[in-house]
Amino acid sequence: MQIEKLEKTLPEVIQKLEKLKLGDSLAAELSWCWVSFKNDQNPVGVIEKSEKAIALFKEVREKNSRAVSKKLIEDFEKSLN
């Protein structure tokens, strides 16, 4: 997990989740997990919620390629590896 890249990408991901009204409370959960990670350095929650967000983004992108940018998905995936 590349923390600096994730710090840059995560706000954009959360904003996109909220804008698309995806994943019910996924945006809030991801945000909470990020704050928790910054406090305890345990990445399990961030990784789990991020993987769900990526899966949702890919699903939405299949239906409408303009809804979520390919770059956002790629940057998000890279920051997790």
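Every value quoted in this text rests on a predicted model; they were computed, and no experiment measured them. Every heavy atom of this structure was used, including side-chain atoms; hydrogens, water molecules and symmetry mates were not.
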Would a hydrophobic clustering, with Ile, Leu, Val, Met, Phe, Trp and Tyr connected at side-chain separations under 4.5 Å, put Trp32 with Met1?
-> no
Nearest 0.5 Å please: distance from the NZ atom of Lys49 over to the OG atom of Ser36.
-> 12.0 Å
Once you round to the nearest 0.5 Å, how far does CZ of Phe57 lie from NZ of Lys52?
-> 14.5 Å
Check step by step if side-chain contact (heavy atoms from CB on, under 4.5 Å) holds for Glu7 and Gln2.
-> CA-CA 9 Å; Glu7 275 184 335; Gln2 298 175 8; over 6 Å; no
Rounded distance (nearest 0.5 Å) linking atom OG of Ser31 with atom CG of Leu10 = 7.5 Å
Rounded to the nearest 0.5 Å, the CZ atom of Arg61 sits from the CD1 atom of Ile54 at a distance of 13.5 Å
Is Ile47 reachable from Leu6 through a run of hydrophobic residues whose side-chain heavy atoms are each under 4.5 Å from the next?
-> yes
Is Glu77 salt-bridged to Lys5, cutoff N-O under 4.0 Å?
-> no
Counting only heavy atoms not in Gln15, do more than 12 sit closer than 6.0 Å to its CD atom?
-> no
Show me the side-chain donor-acceptor pairs of residues 63-72 shorter than 3.5 Å, one per line, residues at least two apart or across chains.
from, atom 1, to, atom 2, distance (Å)
Asn64, OD1, Arg66, N, 3.1
Ser69, OG, Leu72, N, 3.0
Lys71, NZ, Asp75, OD2, 2.7

More than 12 non-hydrogen atoms from neighbouring residues, nucleotides or ligands closer than 6.0 Å to CD on Glu4, yes or no?
-> no
Residues at least two apart in sequence or cross-chain that pass ring pair (Phe, Tyr, Trp, His ring centres under 6.0 Å) with Phe37, listed by chain then number, are Trp34
Leu80 CG to Thr9 OG1 distance, which is reported to the nearest 0.5 Å | 8.5 Å
Indicate yes or no: at least one non-hydrogen side-chain atom of Leu30 is less than 4.5 angstrom from one of Ser50.
-> yes
